[in-house]
Protein chains: 2
Amino acid sequence: MSTLENLSSINRPSLHEELTDRLRTMIVEGVLVAGEKVPERELCEKLGVSRTPMREALKVLAADGLLTLQPNRGARVRAITLDELEEVFPLMGALEALAGELACKNATEKQLQAVRKTHKAMLACFKASDMPGYFRYNQQIHEAILNAAGNKTLTTTYLSLAVRVRRARYLANMSQQRWQAAVDEHELILSALETRDAGKLSAILKQHLENKFATVRQWILNQQDNPPPQE
Amino acid sequence: MSTLENLSSINRPSLHEELTDRLRTMIVEGVLVAGEKVPERELCEKLGVSRTPMREALKVLAADGLLTLQPNRGARVRAITLDELEEVFPLMGALEALAGELACKNATEKQLQAVRKTHKAMLACFKASDMPGYFRYNQQIHEAILNAAGNKTLTTTYLSLAVRVRRARYLANMSQQRWQAAVDEHELILSALETRDAGKLSAILKQHLENKFATVRQWILNQQDNPPPQE
DNA sequence: TAATTTAATAATGAATTCATAATGCATTTT
DNA sequence: AAAATGCATTATGAATTCATTATTAAATTA
């Protein structure tokens with residue numbers, strides 16, 4: 001049957017919204033390089049928009065901390081510093097811990113199912129040594145836990161912090177050893193969630209994040225010793 | 001002596017930055033009423049700016065969650081709902097707890113001194129039944145603790161959440177009884193900070209916030225029963 | 001008289017234009 | 001030859017304009 005009831009309303013995001021998403025992705029994926037200027041005009045031409053929505057998007061991303069705006073000198077992609085990283089991680093830790101607690105309380109069976117499924121897919125990638133795939137599923141699991149927590153504000157806040165470090169996290173390759181450890185930690189995460197042991201889950205998540213942090217920290221330190229070519 | 005060394009560079013914030021701050025204040029102070037439309041053109045005239053920086057500011061505030069943008073229908077001041085409040089408070093709780101821990105670790109003697117001083121000023125307001133003054137100092141104390149934590153990202157994140165509920169918090173008048181209790185809690189906060197008892201401080205801060213939440217919650221519920229006149 | 005349609009008005013979204021600030025280059029001066 | 005100054009070019013910030021969409025008021029019809 002086809003009634004008018006179950007039609008989803010047309011929802012066309014405004015240009016500047018599409019642009020913010022698009023640019024955010026470009027930053028995370030490294031299309032826009034950290035430290036480099038954002039060529040406003042060039043981007044407008046490439047993406048086929050005028051400067052107004054582009055500038056609105058830049059302002060939003062700057063407020064998000066992904067860009068810095070230098071008056072009359074345009075925007076630069078903000079490179080994450082070690083100092084900033086050391087500020088962001090404890091914050092993310094606190095939020096993950098909270099997410100864990102809430103997820104244990106509120107997760108529906110369906111949401112647990114989703115976590116389980118993604119966990120399995122992630123394991124498969126690990127066994128196949130598929131690092132990009134692993135990262136993708138890894139991210140999905142953490143987002144699924146956030147979802148299960150059922151607190152949209154928490155999700156939004158967490159994600160806006162996560163974006164900032166995601167690129168560094170992606171670039172910082174794990175050792176095989178660390179990778180194995182991370183997978184083990186994920187097993188613990190899943191089982192704590194299954195048994196709805198809030199205290200345990202929240203502790204593991206925090207620890208898991210701290211371990212990740214150590215890896216990324218090391219990578220940044222190496223970066224500073226062997227800086228990439230600048231133009 | 002006057003060398004060229006100790007000159008501070010001229011830093012003129014761009015128009016849209018000034019505007020975001022200005023509008024944010026107007027929202028918190030209730031000049032822009034929750035639920036009402038933001039009269040874009042009128043504001044432009046009153047503040048003597050063109051629409052471009054105004055629109056950029058609106059986009060930023062919308063990304064911050066203070067406004068909602070309805071395509072082709074402009075911006076509205078976002079009224080905080082009970083649902084949202086119940087999402088925001090646990091988050092703020094987690095952040096306050098973290099701030100407490102970090103403050104106990106990192107606070108300098110000078111920063112402690114600042115907290116003490118503000119605490120005293122707040123007490124004076126309480127004794128004089130000066131509610132607005134109390135609120136101002138109360139806010140300053142919590143900001144001073146954030147400062148003492150020495151994590152700028154934490155401060156920024158916390159404040160962006162705090163703005164959303166600040167207006168509701170301000171409007172929700174406390175009973176005399178609750179006010180006394182809040183003051184007592186503040187005594188505990190100060191002493192935990194003095195003795196740098198991280199666990200204790202973080203627990204008290206969380207509890208303190210939960211109590212505040214209960215008051216605001218009650219207020220919102222009453223609001224829903226006796227809604228203010230709409231036009 | 002009430003409801004529905006149509007027209008007029010107001011306001012928003014996006015593009016264009018204009019003004020101003022910054023950068024690079026050439027010329028001049030020491 | 002090196003440094004500094006002035007000029008030209010380029011890019012950004014802000015205002016204005018144009019086109020589209022929503023809201024309202026009015027008019028017509030049932």
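So you know, we letter chains A, B, ... as the sequences are listed, proteins then strands, and number each from 1.
At a cut-off of 3.5 Å, with distance as the only test, no side-chain donor of A:Q218 or A:T215 sits close to an acceptor on the other residue. Under the 3.5 Å distance criterion, with hydrogens and angles disregarded, no donor-acceptor pair is assigned to the side chains of A:R136 and A:Q139.
If you measure from atom CD of A:E56 to atom P of C:dA15, you get 10 Å, rounded to the nearest angstrom. In this structure, A:L47 atom CG and C:dA15 atom P are separated by 12 Å, rounded to whole Å. Atom P of nucleotide D:dG13 and atom CE of A:M54 are separated by 13 Å, given to the nearest angstrom.
Axis angle between the ends of the helix from C:dT1-D:dA30 to C:dT30-D:dA1, five pairs each and rounded to 10 degrees, works out to 10°.
The CG atom of A:L205 sits 7.0 Å away from atom NE2 of A:H142, with the distance rounded to the nearest 0.5 Å. The distance from atom OG1 of A:T25 to atom CZ of A:R166, rounded to the nearest 0.5 Å, is 10.0 Å.
Checked for salt-bridge contact, B:K105 and B:E101 miss the test: no charged N lies under 4.0 Å from a carboxylate O.
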Pick out the pairs of N or O atoms, protein on one side and nucleotides 7-13 of chain C on the other, that lie under 3.5 Å.
unit_1: C:dG13; atom_1: OP1; unit_2: B:N72; atom_2: N; d: 3.4
unit_1: C:dG13; atom_1: N7; unit_2: B:R51; atom_2: NH2; d: 3.0
unit_1: C:dG13; atom_1: O6; unit_2: B:R51; atom_2: NH1; d: 3.3

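Looking at A:S50, its side chain has no donor and acceptor atom pair within 3.5 Å of the base of C:dA14.
Counting heavy atoms from C-beta on, the side chains of B:K59 and A:K59 never come closer than 4.5 Å.
Among the candidates B:T155, B:T156, B:T157, B:T153, the single residue satisfying the side-chain hydrogen bond (donor to acceptor under 3.5 Å, both in side chains) test with A:E87 is B:T153.
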A:T20 vs A:E17, side chain to side chain donor-acceptor pair (under 3.5 Å): CA-CA, chis, key distance, verdict: CA-CA 5 Å; A:T20 37; A:E17 278 181 272; over 6 Å; no
